[in-house]
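What follows is one structure encoded as structure tokens, with my remarks underneath.
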Amino acid sequence: MAVELCLLLLLFCGSTISEVQPIYKPPPGTLDFGFVPSKTYDTGAYHEPGAIGILFKIVHAFLYLVQPNTFPQDLIRKLAQQQFGNTQGDYQKAIYYEIGFIVSAALGLLFILLLPLVGLCFCMCRCCDNCGGEMHQRQKKNADCQRSCFATFLFVASLIISVGVLCAYAANQHLTNQVRGAKKLVNSNFKDLKIFLNDTPAQIDYLVSQYNTTKDKALSDLNNVGPVLGTRVQEQLGKEVRPALDAALTMAGAIRETKEALENVSVSVEVLQEGTERLHANLTDVKMHLSNTLNDSACNAAQAASTCNIIRNSLDQLDINANFSGLPGVGLQLAKINDVLKIDLSSLVQKGYAAFNDTPDLVVNQTRNILSDIKSVLESIGSNITTFTRALPVQKILADLMVYLTQSEAYVQDYFPVVEQYDFYRWLGCLILCCMLVLILVFYYLGLLCGTCGYDKHASPTTRGCISNTGGNFLMAGVGFSFLFSWLLMIVVVLTFVTGGNVEKLVCEPFEDKNLFKVLDTPYLLNKHWKNYLAGIIFKNPNVNLTFEKVYSDCKENKGIYTSLHLEHLFNINELLNISMYTEDVALKIEHIQINLSKIILLDEIGKENLLNFSSSGIDGIDFSAYLTEINKSVTKVDLLSFANDLEARADQLPKGALENALKGHANNIRMIHNQQVVPLEQAMSTLNQSIRLLKRTSSELMIKVKNVISAVNAAQNLINNNASQVIVQETKKYMDTIIGYFEQYTEWVKESISMEVAACKPIANVIDTAVDIFLCSYIADSVNTFWFGLGGSSMFLIPAIIFAVKLSKYYRRMDTEDVYDDTENGNNGYHKEHLYGIHNPVFTSSVEQW
């Protein structure tokens, strides 16, 4: 019942997943759904044994030596299917696998049977004054060496037995401590399970509530349909519209630039014509005065004649070079351009820009009715989701599960004191077993202590002191208790060894490497009619590929239980919440959006006629070559500054006098003419050059350029009037995909959350780990195996301890008779035969010591 209720709850987790497969998935804006609320689980399903872990590893290594074979999956499967023994060789395989345990158990049984029997025979033998029972000791030269060796060997054996007892006691105490502390771990698991149940509804509510994020984003885009859809339509149309309008606006600027250039040409030509006439007159006057100066008699002198002739010959260079009087005027073209500029073409183009930029507003005005319908659909989706979630019996399922969990917790809490009580009995029993060995060790250690401290090497066997004799008696008491307890200790060792060792090999190790799950996942293992047992239990369909190993691994990784148990095979999510139906409604509503942009006029007929008038303004008929020919000439034939400098230099070659001063005066006059007349003319020529070249560029194929601009504007206008519907449909489709993309993001987020975060089943894996890995293996199996390892080792070393204790007791106990030492018979080790010279000991004759 509890499993079914749990499954119903987990199935509800999947109720918000949609199986819609979008045809086109654009990259919409990413929605932020936040984090699914979840609490941290307290249980750490890992046990750190501490220092005793070293003993556990030693025991594991010993078990590997005893049983190094791999996990017998085939034998376990046959055993579970009750087919073990049907195939020849099954028993041989089982024996081969268990041979280490069988041999070890056989040796233990042999120990159990033989040691008491040997002890009985040894006792009877000693009672008959044999086997060391006769209170007579032969004296030998190496007696001290033998006594020391026996004492050393016995001490070493006792130390080994002590170590084994400590190991057994530590394992016994460790198990008790872990059992006492297990209550906290159990409570932690129950707490995590309660968190698991309590958090699941809140997580589901959060998933459902995040639909509002999707809805709000969609509504935001719908409310901003102008900036969103209108802008997209505008951007697509703008790929042709904006370049056309830009070209028209550029042409309007070219008209203004043309007017300015024509005005500059007209003014510059007038300035140049007047300036060159004035310059020509001034240069002519300078030549005349220079010529008069050179005709002076001073030039006839031998020293000045050659210089005056050179200057006289260069006077022809003082004249203008460029003649602007013959250049054609541009007044006609300027008049036509002024007529063109009477219409503000830039203003007309800006109106086209403004009309085109109103596209978002047109979209808003023409989509109001459809948007209200889409908003109604979105609201209905949220209402349906809320209605569906309220219809599920979540609270009842949770209440039933919580009742079952509470009852289980109460049951565990009620019986936990009983477990502790029985563990106390176990602890006490194991302590008694350890105390048996401790008692034997006490006798051995006291025997060694008394015997060693009380031994007097000068005393004869019949005159040994009381302390030495007591030490020998302690050793024999230890031997007696060894025979009495050893078989009982070995019975416990064999039983715990066989049980604990096989639990470690057949449960703990396969659980750790998941071979145990592979066995459980064997088809038809637990039910001969079911291929997959877990799927048959959960889905009533054993053909679903659901395995124990996969479920455990997914829960171990804290995945959602919907993913771990593959609940999609049991719960048809698409029928319960078919978001595709709603998205289809939204898509249909959006597809019905019709937007008419025919009201947008990019450039009216007046503007186009204005462009044609500009192309026929006649600027292409200007004689640019004539202008450029004169512009490329210099103003004067010679650089006046260079001529003046040269004239002044030649004047310096003449003798000092009036001629020299006159020539220098003419040089200064020439410089003044250059600065006042040539420089302004050069500036006017530069302006004329720039203007003419601009007009030449503008006039180049002007008619073709204007026609191209008008064609581009007409094509863009045609796109808006006739083909805009295709662009609008295309952009509307993208806009629809964006809106639907929000729902797809929501469903994908829900699916991922259901898979990884909602109802994360880590507590289930923790319960399994706590029960098997921690309680059974770490607490019980490791402690039990360490207990028998220590107890068994101590029991085995009782055998050499018995031998050494019996041998050593002869050297500590007081004898009834002794050998008589004869000085003349050194060849017989200094002693006579005891049957010839035995002397009765009158001091110690008690028959109690004959054992």
Test disulfide (SG to SG under 2.5 Å) applied to C434 - qualifying residues, sequence neighbours left out: none
So, using disulfide (SG to SG under 2.5 Å) as the criterion, who are the partners of C555 when residues are at least two apart? C761
If I compare all heavy atoms of [X] with all of [Y], which pair ends up nearest, and what's the gap?
X    : Y    : answer
N189 : P763 : OD1-O, 4.5 Å
V544 : N532 : O-ND2, 2.9 Å
G108 : V494 : CA-CG2, 3.7 Å
I160 : S794 : O-OG, 4.5 Å
M490 : S795 : CE-CB, 3.7 Å
A168 : L791 : CB-N, 4.0 Å

Taking distance alone, no hydrogens or angles, what donor-acceptor pairs closer than 3.5 Å link side-chain atoms of residues 773-780 to residues at least two apart or in another chain?
unit_1	atom_1	unit_2	atom_2	d
S778	OG	D773	O	2.8
Y779	OH	Q178	OE1	3.4

Which pairs, with at least one residue in residues 93-103 and sequence neighbours excluded, count as a side chain to side chain donor-acceptor pair (under 3.5 Å)? Q67-Y97
Is a donor on one side and an acceptor on the other found under 3.5 Å between the side chain of [X] and the backbone of [Y]?
X    : Y    : value
T496 : V784 : no
T522 : V519 : yes
T499 : L495 : yes
Q745 : L31  : yes
N172 : C430 : no

Under the ring pair (Phe, Tyr, Trp, His ring centres under 6.0 Å) test, which residues partner F111, sequence neighbours left out? none
Name all residues meeting the ring pair (Phe, Tyr, Trp, His ring centres under 6.0 Å) criterion together with F787; count only those two or more places apart in sequence or in a different chain, and write none if there are none. none
[X]: partners by side chain to side chain contact (heavy atoms under 4.5 Å, CB included), with sequence neighbours left out:
X    : result
N558 : Y41, A760, K762
L516 : F71, P510, F511
K559 : D554, E557, S564, M756

With no hydrogens and no angle check, do the side chains of [X] and [Y] hold a donor and an acceptor under 3.5 Å apart?
X    : Y    : answer
S553 : K514 : yes
D782 : H60  : yes
D769 : Y552 : yes

Point-to-point distance, once rounded to the nearest 0.5 Å, from [atom1] of [X] to [atom2] of [Y]:
X    : Y    : atom1 : atom2 : answer
Y404 : L197 : OH    : CG    : 12.0 Å
F548 : F517 : CZ    : CZ    : 9.0 Å
E420 : R180 : CD    : CZ    : 7.5 Å
T770 : L185 : OG1   : CG    : 4.5 Å
D513 : T70  : CG    : OG1   : 10.0 Å
D192 : I764 : CG    : CD1   : 11.5 Å

Check against ring pair (Phe, Tyr, Trp, His ring centres under 6.0 Å), H174 and Y169: CA-CA 8 Å; H174 179 265; Y169 176 79; over 10 Å; no
For the residue pair F497 and W788, categorise the inter-ring angle as parallel (less than 30°), tilted (30 to 60°) or perpendicular (more than 60°). perpendicular
Applying side chain to side chain donor-acceptor pair (under 3.5 Å), can you list everything that pairs with N177, at least two apart in sequence or on another chain? Q173
According to salt bridge (Lys or Arg N to Asp or Glu O under 4.0 Å), who are the partners of E757, at least two apart in sequence or on a separate chain? none
Show me the donor-acceptor pairs within less than 3.5 Å that the side chains of residues 409-417 make with the rest of the protein, sequence neighbours left out.
unit_1	atom_1	unit_2	atom_2	d
E409	OE1	K194	NZ	2.7
Q413	NE2	N187	OD1	2.4

